[in-house]
Each structure stands twice: as C-alpha cells, then as structure tokens.
Amino acid sequence: MNFDAEVPIIIVGAGACGLVAAMAANSDGGEVVVLERDPVPQGSTALSSGLIPAAGTKAQKAQGLDDSADKMAADIINKAHQENDPAMVAALCRQSAVSIDWLNDVHGLSLGVIDSFLYPGHSAYRMHGTPSKTGRELIGVLSRRAETLEIPVITDARVTDLFADPDGTIRGVRFRRPDNSEETLGCQAIVLACNGYGGNPEMVAKLIPDMKDALYFGHAGNQGEAIAWGRDLGAGMTDLGGYQGHGSVAHPHGILVSWALMMEGGIQVNKDGRRFSNEHDGYSEQARRVIAQPGGIVWNIYDQRLHDFAQDFDDYRQAETAGAVRQAATIGDLAEICDLPADALVETLRDTEALSATGGQDKFGRTFAKDRLASPYYAVKVTGALFHTQGGLNVDERARVLKSDGTPFANLFAGGGAARGLSGPSDWGYLSGNGLLTAVTLGHIAGAQAARLIKNEISV
Ligand SMILES: Cc1cc2nc3c(=O)[nH]c(=O)nc-3n(C[C@H](O)[C@H](O)[C@H](O)COP(=O)(O)OP(=O)(O)OC[C@H]3O[C@@H](n4cnc5c(N)ncnc54)[C@H](O)[C@@H]3O)c2cc1C
C-alpha cells in the first residue's frame, strides 16, 4: 500500500503512556510521530490525580522511605486476589523505579513522594507526583518535554484503521481530521497508547453491565479502539471486565473527593444515616457499593482535623469552592443540613467512637484505631463513578502485543489502558496507582523497544 507519508514509529494517543513512549523512543534514537485525536493532549491522565506508584526510587530514598519492588508486587497481587499475571506484576514493579528515576533525572520532572498518608492496600509510601499532585500538571510537563525534544505530536488526528499484513505485521494507519478528511501514515513499528473503552457506553454495557448507568469520570475519547483493532488482528485480550471505580465523587458537582479522608478516619453513611461497608477495602470497589445505596448517593462524614488535612488536595479545595463541603457544630445540626435522620447518625458516630476507643473492628472488618471524629463535623454528598477500564490487549514484559496463541506480533506494542492491567477481572482488584503504573512503565518499555526494533537491535 502507498501511504501519504512514512515514519519509523507511530504512537497512537498522547496521554501519559503515549508521551512517555515517545520520549523513550526518542532517547533511544527512534524517530517517532504521535497521533492524538484531541486538539490538545489530555486524556484521562489530565483528569487523574497524576500519582504514579514506584518502589525503590531515588525520590523515596531522599525522603528516607524504605520500599522494594517485591513489596510493591505483593501489594498488587494481594489486592487482585492473585487473579492478575504475577510475572507482569513483578516486571512492572521492577521497572517502576527505573522509569521514575529516568523521568526525574533525564527529563527533570520533579516527581516527589506523598508521605502524609498510605493509599489503601499500599505497604509503603510510593505514590509519586509532580509538585501540585495533579494530572493536569503531569500531562503539562510531559507535553512540554515532548515539545522540547521536538517530538511531533499531531493533534486533531483520530486513528481509525490499522493496516496489517496477513501475518499481523502493521504497515501503517489511517487517521481522520475534524473536517472528516483522511490521511494515511506508514510505519515500521507502532505503539497503541489510546487507553481503554470507558467512554464507549455500548462496550461498558456489554463488558461491565453493573456500571452501565454509572457516571463516567474519565476521558470521553477512550472509545476502545485498541480492543476493536486487537480483535480484528487476532490479539489475545484478558480481564476485559476489569475497571477502576471510585466511591467518592461530589454530587452534583462532579469533583473527586480524596479517599484520603476515609483512610485517615472519615466514614460513609447512606441516606438512612448508616454505614454500609468497610471504607478501607479501597475506593474502586466502593463505587458499586455506593451506587447500590438508595438513590446511588451517600455522605462522606469527617471532621475539622480531616478538613484541614484535605486542604493539601487540589480537588478538595475545588469541591469546597464549589459549595460541596458542609460544616456543622453538632451531629444533630449536620444531620439537619444533610437531610439525614439525626438519631441514626448520632448512633453511627457513637458506634465508631466506641470502636476507636477500644481499637476494635466493626462488622464490615474495618479497624478504627485512630479514627475518633470530633466537632465541628463536615459532610460531602457523593456518588460512585467509573474512572477507567483495566482490561485490554495481552502484552509481555517487552510491551509486545501477543496474539491469541501467545506469540508476539512483529511490530505492535501497547501500554497504559490499551493493555491488560494488573487488577484482575473486576473492580476490587484495582490497587491505587495501577492505572498510571502501566501507562508509564509500559510506555517507557514500548517506546524503547520500538526504537530498538527499527534499528534492528532486537528481533521479535
Ligand atoms: C479522575 C481520575 C483519577 C485518576 N487518578 C489516578 C492516579 O492518581 N493514579 C493512577 O495511577 N491512575 C489514576 N487514574 C487512572 C489514570 O488516569 C489512567 O490509568 C491513565 O491516565 C491512562 O493513561 P493512558 O496514557 O493509557 O490513557 P489517556 O491518558 O486516556 O491517554 C489516551 C490518549 O489517547 C487518545 N486517543 C484515544 N483514541 C485515539 C485514537 N483512535 N486516535 C488518536 N488518539 C486517540 C486520547 O484522546 C488520549 O489523549 C485516574 C483516572 C481518573 C479518571
């Protein structure tokens, strides 16, 4: 086939995965073009908290934090109840420090570690973020870095088709412009970094029926094209029903309210003023639990100490500015302004107070060691949401996409939400950070591998 133009490496998507892949390919001497459907690169990365988990980094050591790839892998495997791929988990945990140190040392990202609270299921402080700890800042610094390196990022270019030989070797792509004109681009290697299918309601209804009516909080451009292309090419795909949910999105404001509030002592009650779960299991599975409560709405209840602590989070400050945060001097007053039954709320808080006094465990399995709530009290009305999908194309430790028979395609790589994640088949397997972990590590590996492939330094 004759293409309008040719380039050694094409990267589809300019989120964290695509931009990191482009930077890695560029470092290894691979000429690359990134094709991005939006006018400005953002993706789910820009909507995220921008926190990337990694173990054994220089940043951790500088903050005196002890961690290891083995500990990190054990956390990820435990959270997914061993229903993920242990070899991939181990490989990406080993890679995590390499990628973060490379982003800091070579590309000047200033990623530091949050050490004020532990994310659910993490046995060490290992969430790395840019100074403002926002996804907007993360995508901003990656985009600027790509610009500095003179990596062409063609925006308003939605890839619609892959052209492949009968053996699955990819020869190029077709992409469409907003005016519906089309162009073709040939390549020697390609990286799919176009995330999953959270923005595609038909696919969500089919693959995650429980979340078909849930609020989708990720990027609308995540339409599941990598999965559709993979299906046509005969790629292996796993855990397609896996996803990250979140049980704390301010309603109706649509602003994420950090789960740190729950981890540090807050509780969730339903409209009957009753708790309904162990909030410490994790925010992902909590989405479904929240949606199952009457009206799909619950209240985060906490106090002044936690309100002050949450000021560190950009999203929380936004929620406060938007009027989502309510305050009251007594539990009775709080019940009134939240339209909750006062007797039940008083009883719920008395129960948690009794548990925190004894360090006891409640009927849901939560321990209340340090969680005594005190006046003044705070509340935010929240709902559950779908953040992003975790299932996708099977890849190996070199980020090569695998065929359904387990053998690799010759020149097809994938990472981030386009690839199978590390969270197993459902919502309960998502450990905080699994999203950006696969975006950054697999992006790094995929870009470097693609560059080496086109220089004939490696073969498939
Ligand atoms: C609110 C929220 C908070 C989150 N917080 C965290 C967190 O703190 N830590 C964490 O690890 N994870 C978090 N996640 C998950 C994380 O955002 C994603 O896992 C990660 O951003 C995925 O990166 P990506 O590069 O694969 O996808 P994206 O960032 O979505 O990038 C994909 C890009 O591909 C483009 N694209 C799609 N299709 C095409 C096409 N056909 N042609 C061309 N371009 C295309 C899209 O426009 C997009 O720019 C959060 C998610 C949400 C929604």
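All heavy atoms count here, side chains included; hydrogens, waters and symmetry mates do not. Remember, it's a predicted structure, so these values are computed and weren't measured experimentally. Note that ligands are numbered from 1 as they come in the structure, with each ligand's atoms numbered from 1 the same way.
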Heavy-atom pair of closest approach, residues [X] and [Y]:
{"X": "C17", "Y": "A193", "value": "SG-CB, 3.7 Å"}
{"X": "P178", "Y": "D156", "value": "CD-O, 3.4 Å"}
{"X": "V191", "Y": "A450", "value": "CG2-CB, 4.3 Å"}

Can you say whether the rings of [X] and [Y] are parallel (under 30°), tilted (30 to 60°) or perpendicular (over 60°)?
{"X": "F387", "Y": "F217", "value": "parallel"}
{"X": "Y283", "Y": "H246", "value": "parallel"}
{"X": "Y378", "Y": "Y302", "value": "parallel"}

Among protein heavy atoms, which sits nearest to [atom], and what does the distance come to when rounded to 0.1 Å?
{"atom": "atom 47 (O) of ligand 1", "result": "E36 OE2, 2.7 Å"}
{"atom": "atom 13 (C) of ligand 1", "result": "S48 CB, 3.8 Å"}
{"atom": "atom 19 (O) of ligand 1", "result": "G435 CA, 3.1 Å"}
{"atom": "atom 26 (O) of ligand 1", "result": "G417 N, 3.0 Å"}
{"atom": "atom 45 (C) of ligand 1", "result": "R37 CG, 3.5 Å"}
{"atom": "atom 34 (O) of ligand 1", "result": "G13 CA, 3.2 Å"}
{"atom": "atom 21 (O) of ligand 1", "result": "T45 OG1, 2.9 Å"}
{"atom": "atom 52 (C) of ligand 1", "result": "F387 CD2, 3.5 Å"}

Closest by any non-hydrogen atom to [atom]: pick that one out of [options].
{"atom": "atom 27 (O) of ligand 1", "options": "N195, I52, L386, L192", "answer": "N195"}
{"atom": "atom 42 (N) of ligand 1", "options": "L442, T160, V159", "answer": "V159"}
{"atom": "atom 53 (C) of ligand 1", "options": "Y430, F175, F217", "answer": "F217"}

Please identify which atoms of ligand 1 are closer than 4.0 Å to at least one heavy atom of [X].
{"X": "D38", "answer": "47 (O)"}
{"X": "L35", "answer": "43 (C), 44 (N)"}
{"X": "G218", "answer": "53 (C)"}
{"X": "G15", "answer": "25 (O), 29 (O), 31 (O), 33 (C)"}
{"X": "G50", "answer": "8 (O)"}
{"X": "G221", "answer": "37 (C), 38 (N)"}
{"X": "E225", "answer": "38 (N), 41 (N)"}
{"X": "N222", "answer": "30 (O)"}

Check: [Y] and [X] side chains under 4.5 Å, non-hydrogen atoms:
{"X": "T389", "Y": "Q244", "value": "no"}
{"X": "R158", "Y": "F175", "value": "no"}
{"X": "S258", "Y": "D315", "value": "no"}
{"X": "M72", "Y": "L431", "value": "no"}

Does [X] reach ligand 1, in the sense of a heavy atom lying below 4.0 Å from it?
{"X": "P41", "answer": "no"}
{"X": "A157", "answer": "yes"}
{"X": "M127", "answer": "no"}
{"X": "R158", "answer": "yes"}
{"X": "L256", "answer": "no"}

Evaluate [X] for polar contact with ligand 1, using N/O atom pairs at a separation under 3.5 Å.
{"X": "L51", "answer": "yes"}
{"X": "C17", "answer": "yes"}
{"X": "V12", "answer": "no"}
{"X": "W229", "answer": "no"}
{"X": "L436", "answer": "yes"}
{"X": "G18", "answer": "no"}

#### Entry: Intermediate values then yes/no, ring-ring contact (aromatic ring centres under 6.0 Å, His included), H388 and Y197
CA-CA 8 Å; H388 72 283; Y197 62 86; over 10 Å; no
Using a 4.0 Å heavy-atom cut-off, which part of [X] comes near ligand 1: side chain, backbone, both, or neither?
{"X": "H388", "answer": "side chain"}
{"X": "I139", "answer": "neither"}
{"X": "A193", "answer": "backbone"}
{"X": "Q223", "answer": "neither"}
{"X": "C194", "answer": "both"}

Query raised in the report: What's the verdict on side chain to side chain contact (heavy atoms under 4.5 Å, CB included) for Y316 and L261, showing C-alpha distance, side-chain angles and the deciding distance?
Result: CA-CA 10 Å; Y316 185 81; L261 285 177; 4.1 Å; yes
Verify the distance criterion only: is there a donor paired with an acceptor across the side chains of Q293 and Q268 at less than 3.5 Å? no
Problem - Check: T134/D314 side-chain N/O donor and acceptor closer than 3.5 Å - result: no
| said: Quick check against the 3.5 Å criterion: does T383 have a side-chain atom that pairs as donor or acceptor with the backbone of V249? | reply: no
Q. Does NZ or CZ of K133 fall inside the cone over F313's six-membered ring, less than 6.0 Å from its centre and within 45° of the axis?
A. no
